[in-house]
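Nothing here was measured: the structure is a model prediction, and the numbers come from that model.
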Amino acid sequence: KAVSWEATRKAVEPAFFAEHSLTTLRQQSDYFLEYQGRITHPMRYNPQTDRYQPISWESALELIAKHINGLDSPNQLELYTSGRASNEASYLYQLFGRMLGTNNFPDCSNMCHEASGTGLKQSIGVGKGTIRMQDFELA
């Protein structure tokens, strides 16, 4: 599913955000929002209009840099990756974090699966799913 959503040719142009306020979009399902397609331009929220508005890539990168450079410590930055990201993207992301001086990049194994890992450790003594070949006996 993740690959097909990321490979979609559907595009969300700035006109979509001019038409839909954030308040309206918050009332939509995740399915509806993802089904619209991929965002084509960097966007910035305008609280006066309750809409996202396009900004240039230069402005977007300057805004990101401003916030990262304004941190008291690089460890205030959290760079999260998930199973939806490719290994290559995750690798580049963690290199970026290390370049900034942080090791703060959790992934889905310790974010999304914290509850299941805790439950498994309490119930079977190991915080991960286990499998044995005997579980797959052929009939």
Side-chain angles (χ1 to χ4, degrees):
K1 178 185 172 192
V3 172
S4 67
W5 279 120
E6 290 174 7
T8 185
R9 293 182 188 261
K10 293 181 181 182
V12 178
E13 301 283 341
F16 174 84
F17 293 102
E19 183 180 336
H20 303 289
S21 69
L22 181 58
T23 301
T24 302
L25 292 173
R26 283 184 170 154
Q27 296 169 2
Q28 298 296 328
S29 68
D30 292 345
Y31 178 81
F32 170 85
L33 294 172
E34 195 158 14
Y35 192 73
Q36 302 311 301
R38 308 256 322 181
I39 297 173
T40 61
H41 294 73
M43 307 294 287
R44 184 173 186 179
Y45 179 67
N46 181 335
Q48 285 78 32
T49 63
D50 191 34
R51 284 174 167 64
Y52 283 97
Q53 297 175 328
I55 60 173
S56 70
W57 278 106
E58 183 178 344
S59 295
L61 293 172
E62 285 175 2
L63 182 62
I64 292 166
K66 174 186 165 191
H67 286 282
I68 290 173
N69 289 325
L71 298 174
D72 294 327
S73 161
N75 289 324
Q76 289 178 302
L77 182 66
E78 182 176 314
L79 301 168
Y80 175 78
T81 62
S82 76
R84 290 185 68 147
S86 68
N87 287 339
E88 293 81 1
S90 296
Y91 177 73
L92 290 173
Y93 211 39
Q94 65 89 20
L95 283 178
F96 175 69
R98 290 184 195 279
M99 182 188 75
L100 293 172
T102 186
N103 192 26
N104 193 7
F105 35 87
D107 62 18
C108 60
S109 63
N110 69 328
M111 297 281 286
C112 301
H113 301 290
E114 186 70 28
S116 61
T118 299
L120 284 167
K121 181 140 177 100
Q122 291 175 356
S123 61
I124 65 172
V126 178
K128 300 178 183 179
T130 61
I131 191 164
R132 301 173 304 147
M133 290 309 293
Q134 294 87 342
D135 294 336
F136 293 101
E137 289 186 28
L138 298 174

Novice: Among all residues two or more places apart in sequence or in another chain, which pass the side-chain hydrogen bond (donor to acceptor under 3.5 Å, both in side chains) test with S73?
Specialist: none

Novice: Using the rule that Ile, Leu, Val, Met, Phe, Trp and Tyr join whenever any side-chain heavy atoms are under 4.5 Å apart, tell me whether Y91 and F96 fall into a single cluster.
Specialist: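 Looking at the clustering, F96 is in a separate group from Y91.
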
Novice: Closer than 3.5 angstrom, by distance alone: can the side chain of Q94 be matched with the main-chain N or O of S90 as a donor-acceptor pair?
Specialist: no

Novice: Residues in side-chain contact (heavy atoms from CB on, under 4.5 Å) with A11, at least two apart?
Specialist: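 E13, T40.
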
Novice: Applying side-chain contact (heavy atoms from CB on, under 4.5 Å), name anything that partners Y93, two or more places apart in sequence or on another chain.
Specialist: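 Partners of Y93 by the side-chain contact (heavy atoms from CB on, under 4.5 Å) criterion, ordered by chain and then number, come out as L79, T81.
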
Novice: Kindly check if the number of other-residue, nucleotide or ligand heavy atoms within 6.0 Å of CZ (R98) is above 12?
Specialist: yes

Novice: Hydrophobic clustering (ILVMFWY, side-chain heavy atoms < 4.5 Å, transitive) - are L33 and M43 grouped together?
Specialist: yes

Novice: To the nearest 0.5 Å, how far apart are CD in E78 and OG1 in T102?
Specialist: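 So the CD of E78 and the OG1 of T102 are separated by 9.0 Å.
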
Novice: With sequence neighbours left out, write down each residue that passes ring pair (Phe, Tyr, Trp, His ring centres under 6.0 Å) with Y52, or none if nothing qualifies.
Specialist: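 Scan of Y52 (ring pair (Phe, Tyr, Trp, His ring centres under 6.0 Å), adjacent residues dropped) gives F17, Y45.
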
Novice: Answer with yes or no whether the hydrophobic clustering places M99 together with I64; edges join I, L, V, M, F, W, Y residues whose side-chain heavy atoms lie under 4.5 Å apart.
Specialist: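 Yes, one cluster joins them.
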
Novice: How would you list, by chain and number, every residue that makes a side-chain hydrogen bond (donor to acceptor under 3.5 Å, both in side chains) with Q53, sequence neighbours excluded?
Specialist: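 So Q53 forms a side-chain hydrogen bond (donor to acceptor under 3.5 Å, both in side chains) with N46.
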
Novice: To the closest 0.5 Å, what do you measure between CG (D50) and CG (L22)?
Specialist: 5.0 Å

Novice: Looking at every heavy atom in both S21 and R51, which two are closest together, and how far apart are they?
Specialist: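 Scanning both residues completely, I find the closest heavy atoms to be CB-NH1, 3.6 Å.
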
Novice: To the nearest 0.5 angstrom, please state how far the OG1 atom of T8 sits from the OH atom of Y35.
Specialist: 8.0 Å

Novice: Can you name the nearest heavy-atom pair linking H41 to P14, along with the distance?
Specialist: ND1-CD, 3.3 Å

Novice: Indicate, with yes or no, if L95 and L100 share a hydrophobic cluster defined by side-chain heavy-atom contacts under 4.5 Å among Ile, Leu, Val, Met, Phe, Trp and Tyr.
Specialist: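 No.
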
Novice: List the atom pairs, donor and acceptor, that lie under 3.5 Å between side-chain atoms in residues 55-63 and the rest of the protein, sequence neighbours left out.
Specialist:
unit_1	atom_1	unit_2	atom_2	d
S56	OG	S59	N	2.9
S56	OG	S59	OG	3.0

Novice: So, using ring pair (Phe, Tyr, Trp, His ring centres under 6.0 Å) as the criterion, who are the partners of F16 when residues are at least two apart?
Specialist: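 F16 satisfies ring pair (Phe, Tyr, Trp, His ring centres under 6.0 Å) with H20 only.
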
